[in-house]
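Encoded as structure tokens, the structure appears first; notes follow it.
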Amino acid sequence: MEFLETYRFPQFKLSVVYAAKFKGVTNAATVRSRIINASSMGGPEGEIEREAVNFAFVNAKLITSPLHLQTAIYQALLSESQGLLRTKTIHSEIIWALNPTNNITEAIRRYGVSDTSTDLIVVCVATSDIPDVSQKMRDVVEGELDSLANVFQLTDWSSVKKHYKLNTEVAVKDAAGDATKERTVVDSIVVSSVAMKSAM
């Protein structure tokens, strides 16, 4: 699958990360209810369902660049390797890392999948290669695969600025009127914020 990104982190036990962007998603509400239900299902059925939805489902509209996503993934891997996860799983940790505050519920509400999500990035973190990972993603999400490189075309820049409280940021105000420049400044601040979050 040409739109599947693969990142390798040999320094970590969880060393392989896959990411794919879906646009025009039509079953976000189903995906969300499956995640919620899987967490409380018992027995072998529950195990199978948890494995089926064992991904980070990220709201693509709040991602400013591939580097923004990669930085959150790296921070989550680093926390996991140090035994310092603030959430229950590596996948929820990625979503937590993307949110500017430490509120986990808020992070999942903003950066996770909602009933109305139309654009999602699906991330899978593993200890080794998963040959059929793209099919596993497509078994859960109904939508059109798209390149992660142009994620900025979907970004809801006003929401990003609001969440990160950037509307009064001097560098952002200075770039106002030049959309490309402003987006570069916002992306730079957001990536730095994610990189610094675990150190705060």
Side-chain angles (χ1 to χ4, degrees), residues 1-10 12 14-28 31-32 35 52-78 80 89-100 107-108 110-114 116-126 128-161 163-164 179-180 182-195 197:
M1 177 171 96
E2 61 188 301
F3 291 132
L4 183 71
E5 300 278 334
T6 306
Y7 312 124
R8 297 189 185 276
F9 300 91
F12 298 124
L14 293 168
S15 57
V16 188
V17 180
Y18 300 98
K21 188 179 81 164
F22 290 83
K23 65 179 183 180
V25 173
T26 56
N27 70 329
V31 172
R32 186 170 169 271
I35 296 164
V53 294
N54 187 19
F55 301 106
F57 297 93
V58 179
N59 175 5
K61 289 190 187 302
L62 295 180
I63 302 302
T64 55
S65 65
L67 183 60
H68 180 201
L69 179 70
Q70 289 160 14
T71 305
I73 291 168
Y74 182 83
Q75 292 301 322
L77 287 171
L78 190 61
E80 197 278 337
T89 69
I90 186 77
H91 291 129
S92 54
E93 193 77 6
I94 292 167
I95 292 168
W96 178 84
L98 287 164
N99 193 48
I108 289 166
R110 282 181 184 170
Y111 284 85
V113 58
S114 72
T116 55
S117 297
T118 53
D119 302 280
L120 288 174
I121 297 169
V122 183
V123 181
C124 176
V125 181
S128 58
D129 292 339
I130 305 174
D132 57 346
V133 68
S134 60
Q135 188 55 54
K136 285 182 173 177
M137 290 175 174
R138 284 187 297 222
D139 287 344
V140 179
V141 179
E142 292 169 14
E144 184 189 341
L145 280 158
D146 190 30
S147 171
L148 192 58
N150 59 22
V151 68
F152 66 91
Q153 294 172 353
L154 295 170
T155 307
D156 179 348
W157 294 93
S158 60
S159 288
V160 172
K161 286 190 288 185
H163 295 332
Y164 276 86
T180 307
E182 185 188 64
R183 288 172 181 186
T184 303
V185 170
V186 169
D187 177 54
S188 176
I189 295 170
V190 167
V191 170
S192 299
S193 298
V194 173
K197 188 174 179 185

Heavy-atom nearest pair, Leu4 first then Ala20, reads CD1-CB, 4.0 Å
When the ring planes of Tyr164 and His68 are compared, do they come out parallel, tilted or perpendicular, using 30° and 60° as the limits?
perpendicular
Quick one: pull up CZ in Arg32 and CG in Asn27 and give me the separation to the nearest 0.5 Å.
13.5 Å
Gap separating the CZ atom of Phe9 from the OG atom of Ser15, nearest 0.5 angstrom:
10.0 Å
Trace of the side-chain contact (heavy atoms from CB on, under 4.5 Å) decision for Leu154 with Thr118
CA-CA 10 Å; Leu154 295 170; Thr118 53; over 6 Å; no
Using only atom types and a distance under 3.5 Å, with no angle test, would you say the side chain of Tyr18 pairs donor to acceptor with the backbone of Ile130?
yes
Checking Arg138 against Leu145 for the side-chain contact (heavy atoms from CB on, under 4.5 Å) test, could you report, in this order, the C-alpha distance in whole Å, the side-chain angles of both residues, the deciding distance, and whether it holds?
CA-CA 9 Å; Arg138 284 187 297 222; Leu145 280 158; 3.7 Å; yes
Please step through side-chain hydrogen bond (donor to acceptor under 3.5 Å, both in side chains) for the pair Asn150 and Lys21, ending with a clear verdict.
CA-CA 10 Å; Asn150 59 22; Lys21 188 179 81 164; 2.9 Å; yes
If the condition is ring-ring contact (aromatic ring centres under 6.0 Å, His included), which residues does Phe57 pass it with, not counting sequence neighbours?
Phe55
Do the side chain of Lys136 and the main chain of Asn54 share a donor and acceptor less than 3.5 angstrom apart?
no
Show the atom names and distances, to 0.1 Å, of all donor-acceptor pairs under 3.5 Å that link a side chain in residues 185-192 to residues at least two apart or in another chain.
| unit_1 | atom_1 | unit_2 | atom_2 | d |
| --- | --- | --- | --- | --- |
| Asp187 | OD1 | Thr64 | OG1 | 2.6 |
| Asp187 | OD1 | Ser65 | OG | 2.7 |
| Asp187 | OD2 | Ser65 | OG | 3.4 |
| Ser192 | OG | Ser188 | O | 2.9 |

Within-4.5 Å side-chain heavy-atom neighbours: Leu62 and Leu98:
no
Taking Asn99 for its side chain and His163 for its backbone only, find out whether a donor-acceptor pair lies under 3.5 Å.
no
NZ (Lys161) and CD (Glu182) are apart, to the nearest 0.5 Å, by 3.5 Å
Ignoring hydrogens and geometry, is there a side-chain-to-backbone donor-acceptor pair from Ser114 to Arg110 under 3.5 Å?
no
side-chain contact (heavy atoms from CB on, under 4.5 Å) between Val141 and Val113: does it pass, once the steps are laid out?
CA-CA 11 Å; Val141 179; Val113 58; over 6 Å; no
State, with a plain yes or no, whether a side-chain heavy atom of Val53 is found less than 4.5 Å away from one of Val31.
no
Can you confirm whether Ile94 sits close enough to Val125 that some side-chain heavy atom of one is under 4.5 Å from a side-chain heavy atom of the other?
yes
If you take the centroid of each ring, where Trp contributes its six-membered ring, are Phe12 and Tyr74 closer together than 6.0 Å?
yes
Shortest non-hydrogen contact from Gly112 toward Asn59
O-CB, 3.6 Å
Provide the closest heavy-atom pair for Ala52 versus Val140 in the form atom of the first, atom of the second, distance.
O-CG2, 3.2 Å
Please give me the minimum heavy-atom distance between Met137 and Cys124, naming the atom from each residue.
CE-CB, 4.1 Å
Check Arg8 with Asp129, please: is the shortest side-chain N to carboxylate O separation under 4.0 Å?
yes
Verify side-chain contact (heavy atoms from CB on, under 4.5 Å) between Leu77 and Ile90, making sure each step is shown before the conclusion.
CA-CA 7 Å; Leu77 287 171; Ile90 186 77; 4.2 Å; yes
What is the minimum heavy-atom distance between Ala28 and Val25, and which atoms define it?
N-CG1, 3.9 Å
With rounding to the nearest 0.5 angstrom, report the CZ to CG distance, Phe3 to Asp146.
6.0 Å
Taking all heavy atoms of Thr155 and all of Ile63, pick out the closest pair and write down the distance.
OG1-O, 2.7 Å
Taking Lys61's backbone N and O only, do any of them form a donor-acceptor pair with Asp119's side chain (distance below 3.5 Å, no angle check)?
no
